**Student:** 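One structure is given below, represented as structure tokens, and several questions about it will come after.
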Protein chains: 2
Amino acid sequence: MSRPPKAREALLSAYRDLVALEGERAATLEAVAARAGVSKGGLLYHFGSKEALLKGLLEAFRADFALDRELMAADPEGPSRYFVRTSLYTGTELDRLFVAVLRLAQGGSVPAREALAATERGWHELVRAEVGDTATATAIMLMGEGLYQYSSYSGARPEADFGTSLDEVLAVVDRLTGRRS
Amino acid sequence: MSRPPKAREALLSAYRDLVALEGERAATLEAVAARAGVSKGGLLYHFGSKEALLKGLLEAFRADFALDRELMAADPEGPSRYFVRTSLYTGTELDRLFVAVLRLAQGGSVPAREALAATERGWHELVRAEVGDTATATAIMLMGEGLYQYSSYSGARPEADFGTSLDEVLAVVDRLTGRRS
DNA sequence: GTCTATATCTCGATAGAC
DNA sequence: GTCTATCGAGATATAGAC
């Protein structure tokens, strides 16, 4: 691992946050450069094109979610609860990274879609290994996906619109896994 | 109800499909006009701005999903199964309409977000009335949302990635509602 | 390694012919 | 009611100074 220049990291973070927080359209080269504190020309020294910027983001995505998978596999409450618990968007760096890649995938980016699908298959494997049954594992995955999608499009929360807390959702997950709450 | 001109309908359909199938960025005035078979100037005669185009789409959304809610309330299998069953994206007009509004909401449009939230609260009410319990209703809603989101970002299906059919997901829903499969 | 300047393209919207 | 022509803003990307 060669230590990447500081500006490179700052540019990737700026790109991630702009896409996640203000949408793909807001993440212009100029806006990304400004948020990272460099000029447009400076950005284009590190990433020769917008596509290169995306490629850099997907590399970070794969690396960070490989680590997250380790945490999920080792969680004392089990992968299912870990997955659903962390599917509530709370604005962490990892949340923003996921949402950014999700938005790019929804925007039509094929490599983003592939990176996302690979990560999700990994999660499904862990949940299935825990609950034994494929359909139940899928149902739990879908709940997590729904939670993420719902809580990530701008501050809306199941608490607000559906009157249900995360703990109550987790209790339903426990009913499915057979774990006592 | 005044009968709207044919071109108006064609433009709204073109806008809906471009947003749903190729993303918000692809839905430029020129692309929408071309898909509807008119010129950019022709489009701007019917809709004076891009915002007016969005407003027209949201009106169609509200009208069509008010009708869908009637079907959901009257479904012989019950609202929960109806909801999850129809949450699998199959590319119908109603599917494309929902995905289009979802994408616009995710892109930051406040009116799109409001229209979506109102519709989802309506669904939640029906599901809760059926299952009795708020948390269970929310869990079912989340499964549907997850299914929609997953199956709508370009052809991916739970069957393909998770090895689970819609019927198997519905069986899990039945476990939650207490209905026998 | 970072900047300014600029070329080129595409977007939304206007104007006016038909 | 629909078209072509065009404007002004803002986008990506290039060139070259420092």
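What you see is a predicted model; the values in this text were computed from it and never measured. Just so we're on the same page: letters track the sequence lines, and every chain starts at 1.
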**Student:** Of the residues in residues 43-59 of chain A, which ones touch DNA chain D at a heavy-atom distance under 4.0 Å?
**Tutor:**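 When residues 43-59 of chain A is checked for heavy atoms under 4.0 Å from DNA chain D, the hits, listed by number, are A:L44, A:S49, A:K50.
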**Student:** Tell me whether the count of non-hydrogen atoms from other residues, nucleotides or ligands lying under 6.0 Å of CD in B:E77 goes above 12.
**Tutor:**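 More than 12 heavy atoms, drawn from other residues, nucleotides or ligands, come within 6.0 Å of this atom.
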**Student:** Near DNA chain D, under 4.0 Å by heavy atom, which residues of residues 27-42 of chain B?
**Tutor:**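 Result for residues 27-42 of chain B: B:V38, B:S39, B:G41, B:G42, sorted by number.
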**Student:** Is a side-chain donor or acceptor of A:R35 paired with a backbone partner of A:Y15 at a separation under 3.5 angstrom?
**Tutor:**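 Checked: no pair found.
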**Student:** Is a donor from one side chain sitting under 3.5 angstrom from an acceptor on the other, for B:T177 and B:R81?
**Tutor:**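 Not at all, the side chains of B:T177 and B:R81 share no donor-acceptor pair under 3.5 Å.
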**Student:** Between the side chains of A:Q106 and A:E24, is a donor N or O closer than 3.5 angstrom to an acceptor N or O?
**Tutor:**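 A:Q106 vs A:E24: no donor-acceptor pair found between side chains.
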**Student:** Work out which heavy atom in B:E120 is nearest to a heavy atom in B:M141; give both atom names and the distance.
**Tutor:**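 Smallest heavy-atom distance, with atoms named: O-CE, 3.6 Å.
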**Student:** Check the hydrophobic clustering (I, L, V, M, F, W, Y; side-chain heavy atoms under 4.5 Å; chains of links allowed) and say if B:Y45 and B:L53 are grouped together.
**Tutor:**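 Each belongs to a different hydrophobic cluster.
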**Student:** Hey, what bend do you get for the helix from C:dG1-D:dC18 to C:dC18-D:dG1 if you fit axes on five pairs at each end, rounded to 10°?
**Tutor:**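 Between the axes fitted at each end of the helix from C:dG1-D:dC18 to C:dC18-D:dG1 lies an angle of 0°.
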**Student:** Is a side-chain donor or acceptor of A:E130 paired with a backbone partner of A:S80 at a separation under 3.5 angstrom?
**Tutor:**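 At least one qualifying donor-acceptor pair exists.
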**Student:** Tell me whether the rings of B:W123 and B:F98 are parallel (<30°), tilted (30 to 60°) or perpendicular (>60°).
**Tutor:**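 Tilted: the ring planes of B:W123 and B:F98 meet at 30° to 60°.
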**Student:** Students often mix this up, so state it plainly: with edges at 30° and 60°, are the rings of B:Y148 and B:Y89 parallel, tilted or perpendicular?
**Tutor:**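 Because their plane-to-plane angle is over 60°, the rings of B:Y148 and B:Y89 count as perpendicular.
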**Student:** Going only through I, L, V, M, F, W and Y residues with side-chain contacts under 4.5 Å, is there a path from A:L21 to A:L18?
**Tutor:**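 Yes, A:L21 connects to A:L18 through the hydrophobic network.
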